[in-house]
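Note sheet for the following structure.
Just so you know, these numbers come straight off a predicted model, no measurement behind them.
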Amino acid sequence: MVEYAELHAHTNYSFKEGASFPDEMALRAVELGYRALAITDHDNLVGSMEYAQAAKGIGLHAITGAEVTLEGGGHLTLLATVQQGYSNLCRLLSFAHVFNNRLEPALGRELLADHAEGLILLTGCAKGPVPQLLMKGKRGEATATLLQYQEWFGPGNVYLELQQNLVYGDTELIKRLTELGHELDVPLVATNNAHFHVRELHRLQDTLMAIRHNKSLEEMRHQLRPNTEAHLKSPKEMAKLFHELPEAISNTLIIAE
């Protein structure tokens, strides 16, 4: 039996982007056979208590996290492992909101160094600093950035995040991240960056994105997700996507523990 824990998922508290309520994500996770699910809304923990209560009621292990936006636009996924990690995550998100435009929170990269205890860092989606540097051919800078993360968070608390949403560029990025991980002995982890609990909600997510940018769906057609893959997938589906990298699936369970 294949097991998998989704460690990068958004609810409607990723405002005007996530299309599902926390309880919908929790219920769907249980239906799919998950033992654990991390909710990582953009730059906030607003729905974390609501999600934790919903998960507790149905026997799902709730993991608290967030996808933080860095100054310059990069994204990182942070997961709290202990109370200190939760406190540090709260502080980081507060800094992101206090020191920037209220509607565009962003975190100074240097603040990570003093608030890393109790947190696991995943290198993020394609907008993460390491993926971005690799796709620009700046392998040396990507290596230096990854080693910096390890220095701050500890070698056992940094994972290269792989996403296969069947979007152009995903396969090449996975290849480059995997090569870097094997070279530096940094573990890999698969996520699906889910933004809705079932595939059918992709049209709602498109509409939310259009509202967010104050544009029509027609005007947004080149900015919307090119497919409907950003939903919670079954462990079997995820294992099939990463059949050549089984450790990326098994590491989701190690992190969930």
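The shortest distance between side-chain heavy atoms of R109 and E71 does not fall below 4.5 Å. At least one side-chain heavy atom of K233 sits under 4.5 Å from a side-chain heavy atom of L241. Residues E151 and L147 fail the side-chain proximity criterion, which asks for heavy atoms closer than 4.5 Å. Here the side chains of T191 and T77 are not in contact, with every heavy-atom distance at 4.5 Å or above.
Distance alone, capped at 3.5 Å, places no donor-acceptor pair between the E50 side chain and the G47 backbone. Side chain of N192 to main chain of H231: a donor-acceptor pair is present (N/O by atom type, distance under 3.5 Å, no hydrogens or angles). At distances below 3.5 Å, not a single donor-acceptor pair connects side-chain atoms of D41 with backbone N or O atoms of V46. Side-chain atoms of S14 come within 3.5 Å of backbone atoms of H42 as a donor-acceptor pair (strictly under, hydrogens ignored). Side chain of T69 to main chain of A106: no donor-acceptor pair is present (N/O by atom type, distance under 3.5 Å, no hydrogens or angles). The main-chain N or O of T40 is found under 3.5 Å from a side-chain atom of H10 such that the two form a donor-acceptor pair. For T252 (side chain) and A248 (main-chain N/O), no donor-acceptor pair under 3.5 Å exists by modelled atom type. Remark: the backbone N or O of H197 is paired with a side-chain donor or acceptor of S20 at under 3.5 angstrom.
Of the inter-residue distances, the one linking L188 atom CG with L180 atom CG reads 9.5 Å to the nearest 0.5 angstrom. With rounding to the nearest 0.5 angstrom, the NE2 atom of H97 is 11.5 Å from the CG atom of L92. One distance of note links CG of D170 with CG of L166; it measures 7.5 Å at 0.5 Å rounding.
Defined by atom type and a distance below 3.5 Å, a donor-acceptor pair is missing between the side-chain atoms of R35 and H61. A donor-acceptor pair shorter than 3.5 Å can be found between the side chains of Y4 and E6. T123 and E161 share no donor-acceptor pair across their side chains, judged by distance under 3.5 Å alone.
Summarising the geometry of A29 relative to L37, their closest heavy-atom pair is CB-CD2, 3.9 Å, with the distance given to 0.1 Å. Nearest heavy-atom pair across L160 and L177 is CD1-O, 3.5 Å. Nearest heavy atom pair, residue I249 against residue M238, reads CD1-O, 3.6 Å. Here the closest heavy-atom approach between residue L119 and residue A80 is recorded as CD2-CA, 3.8 Å. What you find for A52 and A62 is that their closest heavy atoms are CA-CB, 4.0 Å. Residue A5 comes nearest to L253 through the heavy atom pair N-CD2, 4.0 Å, listed as atom of the first residue, atom of the second, then distance.
Environment of CD in E104: sparse, with no more than 12 heavy atoms of neighbouring residues, nucleotides or ligands closer than 6.0 Å. Counting non-hydrogen atoms of other residues, nucleotides and ligands closer than 6.0 Å to CD of Q148 gives a total above 12. Counting non-hydrogen atoms of other residues, nucleotides and ligands closer than 6.0 Å to CD of E110 gives a total above 12. Counting non-hydrogen atoms of other residues, nucleotides and ligands closer than 6.0 Å to CZ of F95 gives a total above 12.
Connection of L60 to L232 is established within a shared hydrophobic cluster, with ILVMFWY side chains joined at heavy-atom distances below 4.5 Å, either directly or through further cluster members. Under the 4.5 Å side-chain heavy-atom criterion for grouping Ile, Leu, Val, Met, Phe, Trp and Tyr, M135 is connected to L70 within one hydrophobic cluster. Hydrophobic clustering (side-chain heavy atoms under 4.5 Å, transitive across Ile, Leu, Val, Met, Phe, Trp, Tyr) groups V30 together with L32. Under the 4.5 Å side-chain contact rule for hydrophobic residues, I255 and L162 do not share a cluster. Under a hydrophobic-cluster definition in which Ile, Leu, Val, Met, Phe, Trp and Tyr are linked whenever side-chain heavy atoms come within less than 4.5 Å, directly or via other members, M25 and F21 are assigned to different clusters.
Shown here are the side-chain hydrogen bond (donor to acceptor under 3.5 Å, both in side chains) partners of H115, two or more places apart in sequence or in another chain: there are none. In terms of the salt bridge (charged side-chain N to carboxylate O under 4.0 Å, His left out) criterion, E247 has no residue partners (sequence neighbours excluded).
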Could you please spell out the steps behind the side chain to side chain contact (heavy atoms under 4.5 Å, CB included) verdict for V189 and I254? CA-CA 10 Å; V189 66; I254 292 173; over 6 Å; no

After noting the C-alpha distance and the side-chain angles of E229 and R199, does the key distance pass the side chain to side chain contact (heavy atoms under 4.5 Å, CB included) rule? CA-CA 7 Å; E229 296 298 317; R199 188 188 297 272; 3.0 Å; yes

Residue pair W152, V158: steps toward the side chain to side chain contact (heavy atoms under 4.5 Å, CB included) verdict: CA-CA 9 Å; W152 291 341; V158 175; over 6 Å; no

Criterion salt bridge (charged side-chain N to carboxylate O under 4.0 Å, His left out) on E24 and R28, from CA distance to verdict: CA-CA 6 Å; E24 291 176 318; R28 181 58 177 163; over 6 Å; no

Output, in order, the C-alpha distance, side-chain angles, deciding distance and verdict of side chain to side chain contact (heavy atoms under 4.5 Å, CB included) for L7 and I120. CA-CA 11 Å; L7 300 175; I120 285 177; over 6 Å; no

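Every pair passing salt bridge (charged side-chain N to carboxylate O under 4.0 Å, His left out) that includes a residue from residues 179-188 is listed here, sequence neighbours excluded: R139-E183.
Note on ring orientation: taking the six-membered ring where Trp is involved, the planes of Y149 and F153 are perpendicular (angle over 60°, cut-offs 30° and 60°).
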